[in-house]
Structure formats: structure tokens, C-alpha cells
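Here the structure comes first, spelled out in C-alpha cells, and everything after it is commentary.
Just so it is clear, the values below take in all heavy atoms, side chains as well, and ignore hydrogens, waters and symmetry mates.
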Amino acid sequence: MKDRRKFIQLTAAMSMGAILPLQFCSPKKESDSNSQEAAIGPLEGSLGAFGLQLWSVKESMSEDPIETIKKVASFGYSQIEGFNGGKGIFWGMKNTEFKSIMDDLGLDFFASHTNTFENLEKQAAEAGEIGMKYLINPYVGPQKSMDDFKRLADDFNKHGEICKQNGVRFAYHNHGYTFEELEGQIPQEYLMENTDPNLVDFELDLYWVYTAGHDPIKWLEKYPNRFPIGHVKDKDGDVEISDPKGSTILGTGVLDFPAILGKGKDNGMNHFVVEQERFEGTSPMEAAEKNANYMKNLSL
């Protein structure tokens, strides 16, 4: 498979009059890239569409959500994963109004983080009405016992049923605590094995898996098709692994995204969502643009 990908990439380069490998070629114009993809489709091994978790630019969202989203769209993100910033996941607008704005910008508002323990029926109905794919619980916090996680598994199944009735999917986004041993068990493993795959999906935050001392690839292989969404977040190698605030611009940290995301695609991951929470020497919006450029040029 790798040899075939190299052959396809080399063939694409030669078709533009180049003989050197792609990394030494002059950058293509956007119009050239678009016309080539229209003719033959995206090159095998390319990432394709990718999104942004708006929490990455939360300060700008609180000031002017529409202008922030317009700016994000100009960077090349085509998918948006929202969050509840205190005005609901539609930022004080009607769901159909927010959807119309996204459509005008060519964006797919496919998912949002939200508290699924409150008003889930209403949230799911509004999400389903505008064709959203997922409502995602982003955080439940560390639990005191495995019995607590057992109750959560039951809750997630119930949330999944409510979402399904409204044409959307329920998913849970991990932090590090579900990967830390508790009473001889790994809570994330319990959640994976005691939730109904027909009702519950998981969003794999690669950063938190890594900082908890686990290999994301092994989880993708062990639970194929259970992680349809991935949070693409890099880890600064100069920050202690125990420090929860160590994210950095993609490609400048320690995670091997070509290998991880390639394995993700092979195992049912089809939404790749950029997230960054720490901004040393840069701003959130500048980082969002740099991260988009990384994703556009990523080969798997």
C-alpha cells in the first residue's frame, strides 16, 4: 500500500512537469490542485477534508462568532465542530439561521460539544432538524469508582437512544482520566465494551490518549469503527507529559500524525478535527491558520 501511494504521488508530480519527489517541487496553485482533484479525485494517501473545534478560537468566538467562523473558513477548514459557549451551540441564533450561515460559507456544521445531561431531547431535535451528525459529550470529569463509570455507560446508552430518535449520533470525547487505571480496570475500555455500538460513538482525542501513556494506534486497532471522530492535537515535547497544558502547533510536537491518522482512516475514522489549547509565541487565530496549512499538506 505504501509503495502504491508513493507511485501515485510521483505520478502526480511528473504530470506537472516534475521529476523530483513532491517535497522538493514548487507549490501548486490552488486552482491547479482543485482541477486535478476534480479530474481524478483526491490522491490516495491524502487526508482530505478536515475540521476545527471552535474551542481553539474561543476568545474570538465570544467576541464575534460569525466573523470568527468566516475567518476560519478562509484558512481551508471545511468542517466545524462547535461547543456551547453559554449561548447554546447555535450562539444565540435559531438552528436554521446558524445552519444557513454555515451553508453560505461552504462549511459542514457536523457536530458540537455540549452538556448531554441537560435538555438533550431539545438539543437533539434541533440538531437533527438541520442535518447535524453528532452531539458530543466533551467532559464528565474523573470518577471516584468503577461503579460511577458503569452508571455513565448506562447514561451514554440512554443519550444515544435519544439522539438516534432524532436522527443524530451521540459520542463521548475522552480526556486522560478514562485511560488511567482505576480499581484494576481502564475506564475507557469499560465504556467501549459496555456501550451499544448502534447508539454510542467515541471521539478519540489523540493528545489525551498520548499524555495518559497509551498508544492511539493500538486503541484504533482494538476498537475499529468506534472512533469515527478524532481530535488532532499535538503535544509539545518540551512540556512535561504530566502537564495537562502542553498542546502546540501541529507538526511541531511529538505525535506521528501520518501514522496515527492513516490508521484511523483504516479503522473507520472519517472526521479529523483540529484542536489546540495552548498558544506559546502565537495567537489562537494564527495557530488555527498554521494548523490548517499542516492538515492540507499532510500525507498519510
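- Looking only at atom types and distance, the side chain of Asp205 has no donor-acceptor partner in the side chain of His175 under 3.5 Å away.
- Judged by distance alone, the side chain of Asp148 and the main-chain N or O of Ser145 form a donor-acceptor pair under 3.5 Å.
- Using modelled atom types, one side-chain atom of His173 and one backbone atom of Pro138 make a donor-acceptor pair closer than 3.5 Å.
- Between the Ser60 side chain and the Thr68 main chain, no donor and acceptor come within less than 3.5 Å of each other.
- The number of heavy-atom neighbours closer than 6.0 Å to NZ of Lys158, taken from other residues, nucleotides and ligands shown, is 12 or below.
- Closest of all the heavy-atom pairs between Gly82 and Ser112 is C-OG, 3.2 Å.
- Hydrophobic clustering (side-chain heavy atoms under 4.5 Å, transitive across Ile, Leu, Val, Met, Phe, Trp, Tyr) keeps Val168 apart from Leu120.
- Although no hydrogens or angles enter the test, the distance criterion places no donor-acceptor pair under 3.5 Å between the side chain of Arg226 and the main chain of Gly268.
- Note on Leu152: it clusters hydrophobically with Phe179, by side-chain heavy-atom contacts below 4.5 Å among ILVMFWY residues.
- Note: Glu118 CD to Asn115 CG = 4.5 Å, rounded to the nearest 0.5 Å.
- Between Phe83 and Trp91, the ring-plane angle classifies as perpendicular under the 30° and 60° cut-offs.
- Checked against the 6.0 Å centroid threshold, Tyr139 and Tyr177 count as a close aromatic pair.
- Residues Trp219 and His214 bring their aromatic ring centres within 6.0 Å.
- Between the side chain of Gln143 and the main chain of Gly141, a donor-acceptor pair closer than 3.5 Å is present.
- Judged by distance alone, with hydrogens and angles left aside, the side-chain atoms of Thr116 form no donor-acceptor pair with the main-chain N or O of Asn137 at under 3.5 Å.
- One finds the CD atom of Glu129 at 4.5 Å from the CG atom of Asn95 (value rounded to the nearest 0.5 Å).
- Taking all atoms of both residues into account, the shortest heavy-atom contact from Asp234 to Gly251 is OD2-N, 3.0 Å.
- If you look at Phe170 and Tyr134, their ring centroids are not closer than 6.0 Å.
- Other residues, nucleotides and ligands contribute only 12 or fewer heavy atoms inside 6.0 Å of the NZ atom of Lys71.
- For His231 and Tyr207, the ring centers are positioned 6.0 Å apart or more.
- Partner of Phe156 under the ring pair (Phe, Tyr, Trp, His ring centres under 6.0 Å) criterion, chosen from Tyr172, Phe202, Tyr190: Tyr172.
- Atom NZ in Lys133 sits 4.0 Å away from atom CG in Asp108 (nearest 0.5 Å).
- In Glu193, the CD atom is crowded: over 12 heavy atoms of neighbouring residues, nucleotides or ligands sit closer than 6.0 Å.
- The main-chain N or O of Ile162 is found under 3.5 Å from a side-chain atom of Asn166 such that the two form a donor-acceptor pair.
- Taking OG1 from Thr248 and NZ from Lys290, the interatomic distance works out to 9.5 Å, rounded to the nearest 0.5 Å.
- Looking at Arg278, its side chain never comes within 3.5 Å of a backbone N or O of Ile249 through a donor-acceptor pair.
- Between Ser299 and Pro258 the shortest heavy-atom distance is O-CB, 3.5 Å.
- Hydrophobic clustering, with ILVMFWY side chains joined whenever heavy atoms are under 4.5 angstrom apart, keeps Leu261 apart from Phe110.
- With Gln53 as the partner, the side chain to side chain donor-acceptor pair (under 3.5 Å) test is satisfied by one option alone out of Lys58, Glu275, Glu81, Gln276: Glu81.
- Under the 4.5 Å side-chain heavy-atom criterion for Ile, Leu, Val, Met, Phe, Trp and Tyr, Met102 and Ile136 are members of distinct hydrophobic clusters.
- Taken to the nearest 0.5 Å, the CG atom of Asn174 stands 8.5 Å off from the CG atom of Leu206.
- Panel note: side chain Glu221, backbone Lys263; no donor-acceptor pair is recorded below 3.5 Å.
- Evaluated for a ring pair (Phe, Tyr, Trp, His ring centres under 6.0 Å) with Phe50, the options Phe75, Phe257, Phe272, Tyr77 yield exactly one hit, Tyr77.
- Thr282 contributes no side-chain N or O that, together with a main-chain N or O of Phe279, makes up a donor-acceptor pair within less than 3.5 Å.
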